[in-house]
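Worksheet for the structure shown next.
Only this structure's heavy atoms are used, side chains among them; waters, hydrogens and symmetry mates stay out. A note on names: the letters A, B, ... follow the listed sequences, proteins ahead of strands, and every chain is numbered from 1.
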Amino acid sequence: MASLSYTFQEPFNLRKTFECGQIFRYVPANNFKTVYAPIRNRVVKIIQKSPKKLEIQSNRLEGLETLMDSFLRVDDNYKEMLEEIAIDTLMKKISFHCRGLRLLKQDLFECMFSFILSQCSNIPRIKKNLSTLVQDYGRKVNYENRRFYLFPTPEMLKGCDEEIFREMGFGYRAKYLSRIIDSCPDFLENKKSGEKFCLDCSLDTEELNKKLKSIYGVGQKVSDCVQLFAAGDLRLFPVDTWMKKFMKKYYCTQKKVSERKIRHKGQELFGKWAGYAQEFIFYYARTEEVFEKPKKPQKG
DNA sequence: ATCCAGGCATGCA
DNA sequence: TGCATGCCTGGA
């Protein structure tokens with residue numbers, strides 16, 4: 001077996017999936033017909049053979065299928081999701097527009113690190129910050145004459161203090177990250193195996209969310225993202241500035257609406273598929289330029 | 001030159 | 001609960 005193939009019932013679009021903002025480290029090639037992504041301990045090459053067909057190659061084949069089944073969320077009932085989030089004309093339109101966008105299930109440590117870094121930042125800067133980090137601390141992997149870096153394990157980052165992270169340009173987020181490196185949050189440590197930054201599956205949605213928020217530097221938005229993208233809990237509806245604009249315009253039209261209410265509204269509207277709805281809306285809001293900031297009026 | 005981003009902690013009503 | 005404020009840095 002030199003490669004692995006997937007045929008889906010519904011589209012799996014690489015461009016939409018990787019560009020929608022859920023993941024930061026990937027390298028598109030050949031106009032998104034191919035995407036390279038460092039995942040855990042290997043580099044994976046994902047090829048769009050057709051709208052519903054993907055082919056997977058990797059520098060490491062051992063355990064590849066299990067890893068990709070999880071990463072690609074092959075068990076999601078995508079068709080049902082598309083139908084269930086299309087609650088009205090607007091969402092039908094968005095659902096159609098985003099069809100093929102898939103949620104991925106990412107590594108917990110990398111995901112948490114990335115989203116803590118993301119606060120009050122922007123995608124180019126986040127990518128740049130992560131790139132600095134992995135070049136300094138990650139393991140280098142050459143694959144098809146390209147250079148990639150695996151995300152460093154917590155152990156590899158031992159000793160990274162606030163000062164070092166600040167020098168990497170992380171700003172005030174350095175404090176949060178160095179503290180996490182310093183000691184893994186208790187509930188993320190598997191007492192039996194000693195493994196760190198892994199999830200206790202016995203926790204329900206609200207329990208885990210509460211625990212994640214107890215981590216210094218992790219608030220509602222970051223915990224929701226981590227729980228959605230790394231714990232794979234699709235009920236989460238992270239509310240960022242884009243989501244605020246969208247929801248205020250269409251589904252929370254009262255004058256004063258808190259982020260709390262918006263989050264609740266999203267979960268109420270979309271139930272177990274709230275995470276997909278959120279990512280669809282986010283992708284839509286950013287690509288359709290309906291929410292672009294109005295240009296400042298020229299002086300004169 | 002300000003101003004503000006894919007938030008969060010802190011302190012206060 | 002809900003609000004205000006400061007926080008790093010880089011791009012508009």
Side-chain angles (χ1 to χ4, degrees), chain A residues 16-26 101 103-104 106 110-133 160-180 182 185 206 209-230 236-249 252 254-266 274-300:
Chain A
K16 291 177 185 174
T17 298
F18 282 86
E19 279 204 309
C20 73
Q22 62 179 317
I23 188 165
F24 300 104
R25 289 183 352 105
Y26 60 92
L101 193 171
L103 283 177
L104 300 170
Q106 305 176 39
E110 176 168 353
C111 185
M112 184 176 293
F113 199 103
S114 303
F115 279 94
I116 288 175
L117 204 45
S118 80
Q119 53 188 266
C120 251
S121 187
N122 50 69
I123 291 174
R125 184 179 172 191
I126 300 163
K127 284 183 174 174
K128 198 174 128 194
N129 288 159
L130 289 173
S131 174
T132 305
L133 177 82
C160 280
D161 54 16
E162 181 178 343
E163 181 68 26
I164 291 176
F165 283 154
R166 276 185 184 271
E167 280 169 13
M168 290 187 192
F170 294 178
Y172 64 86
R173 307 153 196 88
K175 187 174 30 166
Y176 305 145
L177 292 168
S178 60
R179 196 177 291 195
I180 283 187
D182 213 40
E206 281 314 309
N209 199 257
K210 205 172 169 184
K211 294 210 173 205
L212 286 169
K213 277 191 293 188
S214 73
I215 299 171
Y216 185 60
V218 176
Q220 189 66 71
K221 159 69 165 55
V222 172
S223 63
D224 286 354
C225 283
V226 170
Q227 203 168 348
L228 173 60
F229 301 137
L236 278 299
F237 192 83
V239 176
D240 54 39
T241 55
W242 289 100
M243 211 51 47
K244 256 181 265 178
K245 284 185 223 174
F246 177 90
M247 293 298 280
K248 278 184 182 174
K249 181 164 179 182
C252 302
Q254 309 92 332
K255 270 174 247 147
K256 302 213 74 176
V257 194
S258 63
E259 299 178 15
R260 220 178 88 84
K261 268 191 170 173
I262 295 175
R263 179 175 182 269
H264 184 79
K265 186 71 180 178
Y276 265 106
Q278 190 269 357
E279 212 55 21
F280 273 36
I281 293 168
F282 185 66
Y283 180 82
Y284 170 82
R286 289 197 322 155
T287 52
E288 297 293 297
E289 295 181 354
V290 287
F291 296 109
E292 280 299 313
K293 267 194 294 190
K295 294 236 195 307
K296 282 181 186 172
Q298 301 290 329
K299 280 182 183 171

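- Rounded to whole Å, the separation between the P atoms of dC4(B) and dA4(C) comes to 14 Å.
- Checking the phosphate oxygens (OP1, OP2) of dC8(B), no side-chain nitrogen or oxygen of K175(A) falls inside 4.0 Å.
- Contacts between residues 163-174 of chain A and DNA chain C, defined by a heavy-atom separation under 4.0 Å, are made by R166(A), G171(A), Y172(A), R173(A).
- Here the side chains of L133(A) and F165(A) are in contact, with some heavy-atom distance below 4.5 Å.
- Across dG6(B), dT9(C), dA9(B), the shortest atom-to-atom separation from the side chain of K221(A) is found for dG6(B).
- Atom CG in D224(A) sits roughly 14 Å away from atom C1' in dC8(B) (whole-Å rounding).
- Distance alone, capped at 3.5 Å, is enough to place a donor-acceptor pair between the Q22(A) side chain and the L104(A) backbone.
- Comparing dG6(B) with dG2(C), their C1' atoms are spaced 22 Å from each other, to the whole Å.
- Taking atom CD of E259(A) as the reference point, atom P of dC8(B) lies 8 Å away to the nearest angstrom.
- Atom NZ of K16(A) has more than 12 heavy atoms from other residues, nucleotides or ligands within 6.0 Å.
- For C225(A), the listed nucleotide lying nearest its side chain is dG6(B); candidates were dA9(B), dG6(B), dA5(B).
- Counting only heavy atoms from C-beta on, D240(A) has its side chain closest to dG7(B) among dT10(B), dG7(B), dC8(C).
- Side-chain proximity of Y216(A) to dA9(B), dC8(B), dG6(B): nearest is dA9(B).
- With E162(A) contributing its side chain and S178(A) its backbone, the two residues share no donor-acceptor pair below 3.5 Å.
- Here, dG10(C) and dA9(B) have their P atoms 23 Å apart, quoted to the whole Å.
- In this entry the distance linking CD of Q119(A) with C1' of dC4(B) reads 15 Å, nearest Å.
- If you measure from atom CG of L117(A) to atom P of dC8(B), you get 13 Å, rounded to the nearest angstrom.
- Among the candidates F18(A), F229(A), F115(A), the single residue satisfying the ring-ring contact (aromatic ring centres under 6.0 Å, His included) test with F24(A) is F115(A).
- When rounded to the nearest whole Å, the span between CD of Q220(A) and P of dA9(B) equals 11 Å.
- For F280(A) and F246(A), the distance between ring centers is not under 6.0 angstrom.
- Side-chain contact check for F282(A) versus P238(A): every heavy-atom pair is 4.5 Å or farther apart.
- The distance between atom CE of M247(A) and atom P of dG6(B), rounded to the nearest whole Å, is 18 Å.
- K244(A) comes within 4.0 angstrom of no nucleic acid atom, judged by non-hydrogen atoms across all strands.
- Residue-to-nucleotide proximity on DNA chain B shows that, of I215(A) and F229(A), the 5′-proximal contact is made by F229(A).
- Dense packing is recorded around NZ of K244(A), with more than 12 heavy atoms of other residues, nucleotides or ligands lying under 6.0 Å away.
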Reading DNA chain C 5' to 3', what string of ( ), [ ], | and . shows its pairs, if Watson-Crick and G-U wobble pairs count only when both distances fall under 3.5 Å?
-> |||||||.||||
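- Rounded to whole angstrom, the span from the CD1 atom of I126(A) across to the P atom of dG11(C) amounts to 13 Å.
- Close to dG2(C), at under 4.0 Å from its OP1 or OP2, lies a side-chain N or O of R260(A).
- Residues V218(A) and E279(A) both approach DNA chain B. Their nearest nucleotides, taken by heavy-atom distance, put E279(A) toward the 5′ side.
- At most 12 heavy atoms of other shown residues, nucleotides or ligands fall within 6.0 angstrom of atom NZ in K210(A).
- For the pair K256(A) NZ and dC3(C) C1', the computed distance is 8 Å after rounding to whole Å.
- Between K221(A) and E259(A) there is no salt bridge, since none of the side-chain N atoms of the basic residue sits less than 4.0 Å from a carboxylate O of the acidic one.
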